[in-house]
Amino acid sequence: MQMSEMKRRVKGIITDPNLSFHQRRHYLAALAEESLPYPSLTKEAEQALADGVINDLFEGPAPYRARYILPDYSLFLKNGSEHLELAAAKNLDEALNSLLIIYTQVPSITAFPVYLGDLDKILAPYVDDVSDDELYNKLKLFWIAIDRILPDGFVHTNIGPEDTRIGRTILRLERELLQVVPNISFKIDDATPDDYIKDAVETVFKSAKPHFINHPMMVENLGEDYAAVSCYNSLKIAGGSHTLVRLNLKEVVLRHKADLESFFTTTLPHYAELNAELMEARIRYLVEEAKFYENDFLAKEGLIRLERFSAMYGIYGLAEAVNLLLEKNNIEGRYGHDDYANQVSYRITRSIAKFVEQRPMPYCEGYHGRAVLHSQSGIDIDIEVSAGTRIPIGDEPDMFNHIAAVAPHHELFVAGVSDIFKVEDTAKRNPMAMVDIIRGAFRQGMRDFTFNIASNGFVRVTGYLVRKSDLEQYKTDGSRINSTVFASGSEDNSHMSQRKPKRVLTIERQPVRS
Amino acid sequence: MIAKHMQNVLGQLNDIEKFSFVDGPGNRFVIFLQGCNFNCKVCHNPYTINDCIDCAICVEPCPENALFVTANLNIELKQELCTNCDICIQVCPYDSTPLSRTVTVEEMIAQIIPVAPFISGVTVSGGEATLQADFLIALFSAIKAEPKLAHLTTFIDSNGSASLKVWERLLEFTDGTMIDLKAFDAGLHRELTEFDNELVLNSIRYLWERERLYELRLLIIPTQNDKQADLIRTARWIAKLDRDIRIKLIAYRQNGVRAEFLFDEADKAKMDWIAEIFRNEGLSRIELVY
C-alpha cells in the first residue's frame with residue numbers, strides 16, 4: 001500500500017460520521033495490519049486469493065489472534081484468574097461480575113468475544129439458593145449489560161439440551177428484551193422435553209433466536225464439550241479455530257473448462273488444495289510468528305489449550321456452482337429442485353470433505369490434525385453467490401423438499417451448516433408444528449438450522465441479527481450495533497429482503513474501507 | 001379389521017399439502033378430497049364442491065395445453081405441462097376442477113411415508129371428507145397398520161353433515177375431528193349452506209361425547225351470522241355441552257369466494273367483540289383467526 005493511499009484511508013475512517021469511536025479505532029488497527037505483507041504463498045495461491053476464488057474473510061495479512069476462541073469459563077469461575085486478579089466465584093453475583101469482566105478480554109476478529117459460555121451450565125453451580133425472581137432480576141441486568149457492552153451480533157451463547165431454570169429464564173428474557181445480542185444456539189437431544197423446545201420456538205417467533213443444534217450429532221464429532229459460536233460455527237470448548245478460509249465454488253466452476261467428470265478429478269482438487277495452503281500459511285503465522293498461544297493469558301491460565309484448536313475450512317456458492325456446472329454440460333436442472341442437480345451437489349461436498357479429511361493441517365490436534373469443514377454463510381460483499389450450501393434466496397422449494405434437498409450435506413459439515421427455513425406466519429399459532437419439524441429434521445440427519453418467520457422485527461441473512469429498523473436507520477444515522485454495518489451491505493447486495501421471512505448476513509469485519 | 005373389499009377403494013382427490021400448521025395438532029400432512037354436499041355461499045375454494053363432468057370447457061383456455069380430451073371423452077391432465085396457473089378453475093362454470101384425480105390408498109401411503117418423521121399426523125379435509133367414508137376408513141386403517149406411520153394421529157376436518165352411523169364406522173380409525181358450525185339457527189344455516197344443521201349439531205354432540213371433537217370452528221361472516229342474539233344462542237348451546245371445548249372463531253375473508261357472494265370482511269374489532277360474547281357465556285378456550 002502506498003503511503004498516500006494509507007493516509008487517505010486513515011482519514012476516511014477518522015472522518016466517517018457513521019462510525020463510533022470504537023469502530024473507528026477497530027478499523028484503524030485493521031489498516032495498520034494491512035500494511036504488512038501477506039504470509040508467503042505459492043504463485044497459484046496468491047493468484048487465487050487475488051481473484052477471490054479462495055479468501056480469508058478479511059482476517060488481515062498478519063494474524064495475531066485466533067479467529068474463534070471458546071474459553072473454558074467453568075474453569076475460570078472455579079479457579080478465578082491471576083491475570084485479571086479475580087478470585088474464584090462464590091455466588092451468582094460474583095460469577096456474573098467475573099464473566100462480564102473476562103468477556104471484554106477475549107480476543108477475536110471483531111474485538112468482541114464470539115462465545116459467552118453455555119450459560120445454563122456454567123452458572124448452574126451458583127443458583128441453587130437463588131429464587132426464581134432473584135434469578136430473573138440478576139440475569140436481566142446481565143443480559144442488558146451484555147448487549148450494551150458487547151454490541152456485536154456474533155457474540156453467542158448456548159443452552160440445552162437439559163431443561164434448566166437458567167435456560168428457561170434466558171428464553172423469557174429474550175422474548176421480553178428483544179435484543180440483538182447475544183445470539184443463542186439451543187442444543188437438542190431426544191431427552192430434551194417437547195415443552196422446552198416449544199418455549200424456544202415461541203422465542204424464535206418473537207426474536208428470531210435461538211438456532212437449533214442436533215446435540216447427539218455434534219457430540220459424536222466433537223465430544224461433549226463443544227459449542228456453536230459466532231455465525232453458527234461448532235467448535236471445541238477450551239479451543240476454537242485459528243482461522244476461517246473459504247473456497248468460492250462458483251469461481252472454481254467458472255475456471256473449469258472441461259467436462260463434468262474432470263471437474264472432480266482436476267479442477268476441484270486443485271483449488272481445494274490452494275485453500276488448504278492459504279489456511280496452513282495463516283495458521284503457521286499465528287502460532288509460530290505471532291506466538292499467540294504462548295502469550296495470551298487465556299492460554300497461560302489453561303482457559304484455552306492449543307491442542308483443542310483446529311481451523312475452519314469453509315465453502316460457499318454451492319448452488320451457483322452446481323447450476324453453472326450443469327449448464328456448461330447442457331444438463332437441465334437446478335440445485336434444490338432437481339434430483340440430478342442435488343446429486344451433483346452431494347458429490348461436490350463429499351469430494352471436498354474427503355479432501356479435507358486426508359489433508360494434514362498443522363496445529364489442528366483439536367480435530368485429529370485436520371481442518372473442520374464449514375458451510376460458510378456469507379458476508380456482505382458476496383454478490384450473486386449463495387451462502388454455503390444454501391439454496392438461493394427466493395428460490396427455496398417448499399419446506400419439506402427444502403429439508404430433503406439440503407439434509408444430506410449436513411453430516412459432512414462438522415463445524416456447522418446453518419441452513420435457514422422460511423416459515424409461514426401460521427406457525428405462530430401452532431408452535432408444536434415447529435417442534436415436529438425440528439425433531440424430524442434431526443432424525444433425518446440435519447446438524448443445525450434456524451427458522452425465519454416473516455413478521456418478527458429482525459432481519460437475518462446468515463449468522464447474526466440486525467433489527468430491521470436499525471437497518472433503515474443506519475443508512476442515515478449510523479448504528480450502535482457493530483454488525484449492522486455489515487448487514488447494511490448484504491441487504492443491498494444480495495436482495496435479502498426478497499426472502500419471504502428474513503435474515504441478515506454474517507461478516508466479521510468490514511472488509512473494505514476505501 | 002377392515003374388510004377385504006375395501007382395500008381397493010379409490011379416493012377422489014383435490015390436492016395434498018405435506019406440511020400444514022393449521023389443520024389440527026402439530027405439523028400435519030393434509031389430504032383435500034374433492035366433492036362437497038354443502039353449497040356454502042362463502043366457500044373459499046368452490047372448485048372443490050363438485051366432481052368434474054368432463055364438459056371440456058377448460059381445455060381450450062389452458063395456456064399450456066396441459067388438458068386434453070381422451071378417446072373416452074374424459075378430460076385428462078399432462079401433469080408435466082401444468083404450471084398451476086388455475087385458469088381452468090376460473091373458467092369452470094360448475095364449481096369443479098379438471099385437476100382432481102382418483103387415488104389409491106397405497107399411493108397416499110407412499111406419499112406420507114417420507115414426510116412421516118416431520119409430522120404429528122394426517123388430516124383429511126375437503127371438499128367434505130366424510131362423503132368418502134369408505135376411502136377414509138381404508139386410508140386410516142392402512143396408516144394404523146403401517147409401522148412407519150404408527151406414530152401418526154388421524155384427523156378429519158368436516159362440515160359435520162355425516163350421519164351418526166357414518167361417524168360410528170369412522171371413529172374406529174379416527175383420533176380427532178375439526179367440525180365447522182356455519183350457524184346454530186336452522187334457517188340461517190339453510191340459507192348459508194343449502195343444508196339443514198340438525199345432523200351437524202348431532203355430529204358435534206356425538207363426537208364430543210366420544211372425546212373425538214378436537215376443535216369447533218365458526219366462520220364469522222359480517223351481516224350474515226354475526227347478530228348478537230344468534231351468537232349468544234350459539235355460545236349457550238356450546239357452553240351447555242362443554243365450556244372447555246376448543247373454539248376457533250375465524251374471520252371471513254373474500255379470497256376465493258365466488259363474486260356473487262362477496263360480503264364485507266370481519267375486522268379485529270368485530271372479532272374481539274364476538275370473542276367477548278363467547279367468553280361471557282363461560283366458554284374458555286377461544287382462539288381468534290383474522
Side-chain angles (χ1 to χ4, degrees), chain A residues 188 190 193-195 197-198 201-202 204-205 212 214 216-217 332-333 337-339 342 396-408 410 419 421-446 449 451-455 500-501, chain B residues 15-31 44 80-81 83-84 110-123 125 147-155 157 175-176 178 214-215 217 246-251 253 255 268 271 275 285-290:
Chain A
I188 292 174
D190 285 344
D194 278 355
D195 182 62
I197 304 176
K198 185 175 162 230
V201 165
E202 286 176 330
V204 172
F205 294 160
F212 297 95
N214 186 339
M217 196 173 187
E332 273 201 33
H337 296 269
D338 299 287
D339 187 54
N342 292 345
E396 300 100 329
D398 68 76
M399 198 175 188
F400 171 74
N401 286 306
H402 190 169
I403 292 173
V406 298
H410 279 230
D419 265 307
F421 299 115
K422 55 183 180 182
V423 169
E424 283 175 39
D425 200 45
T426 53
K428 282 188 174 176
R429 284 199 296 273
N430 186 357
M432 283 309 289
M434 292 295 104
V435 177
D436 282 344
I437 293 171
I438 291 167
R439 295 259 194 227
F442 287 163
R443 261 181 232 127
Q444 299 300 296
M446 292 204 77
F449 60 89
F451 296 116
N452 253 326
I453 306 280
S455 54
K500 280 143 214 162
Chain B
D15 206 355
I16 62 160
E17 202 170 315
K18 285 174 178 165
F19 283 11
S20 167
F21 310 150
V22 294
D23 293 283
N27 188 26
R28 307 188 74 80
F29 186 101
V30 185
I31 298 168
H44 291 290
E80 67 280 10
L81 296 180
T83 60
N84 299 308
Q111 293 223 37
I112 297 166
I113 283 174
V115 185
F118 302 92
I119 54 178
S120 283
V122 174
T123 296
S125 181
K148 287 176 191 150
L149 306 181
H151 67 286
L152 302 181
T153 56
T154 51
F155 273 60
D157 178 355
D175 298 310
M178 279 83 68
Y214 174 74
E215 184 175 276
R217 296 171 168 180
R246 186 186 159 101
I247 297 169
K248 206 176 251 182
L249 297 174
I250 304 169
R253 292 263 177 241
N255 64 297
K268 182 179 185 304
M271 297 304 288
R285 297 175 67 199
I286 312 279
E287 192 188 337
L288 290 181
V289 182
Y290 49 83

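Protein chains get the first letters and strands the later ones, always in sequence-line order, with residue 1 at the start of each.
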Exercise for review: Specify the closest pair of heavy atoms between A/R429 and B/L288, including all atoms of both residues, with the distance to one decimal.
Suggested key: CD-O, 4.3 Å

**Study point:** Neighbour count >12 (heavy atoms, 6.0 Å) for atom CG, A/D190
**Key:** no

Review point. Quick check: are there more than 12 heavy atoms from other residues, nucleotides or ligands sitting under 6.0 Å from CD of A/E332?
Key: no

Exercise for review: Would you mind checking which part of A/A441 comes under 4.5 Å of any heavy atom in chain B, side chain (CB onward), backbone (N, CA, C, O), both or neither?
Suggested key: both

Point to revise | Heavy-atom contact with chain B under 4.5 Å, split by part of A/I403 | key: side chain

Using residues 115-123 of chain B as the side-chain source, report each donor-acceptor pair under 3.5 Å to any protein atom, sequence neighbours left out, with the distance given to one decimal.
{"unit_1": "B/S120", "atom_1": "OG", "unit_2": "A/D436", "atom_2": "OD1", "d": "3.1"}
{"unit_1": "B/S120", "atom_1": "OG", "unit_2": "A/D436", "atom_2": "OD2", "d": "2.5"}
{"unit_1": "B/T123", "atom_1": "OG1", "unit_2": "B/D23", "atom_2": "O", "d": "2.7"}
{"unit_1": "B/T123", "atom_1": "OG1", "unit_2": "B/R28", "atom_2": "NE", "d": "2.6"}

Review point. Does a side-chain heavy-atom distance below 4.5 Å link B/F21 with A/M434?
Key: yes

Review point. How about B/K18 and A/N401: do any of their side-chain heavy atoms sit closer than 4.5 Å?
Key: yes

Point to revise | Pairs of heavy atoms under 4.5 Å with chain B: top-ranked of A/V435, A/I437, A/T426 | key: A/I437

Point to revise | For B/K148, side-chain contact (heavy atoms from CB on, under 4.5 Å) partners two or more places apart | key: B/I113, B/E146

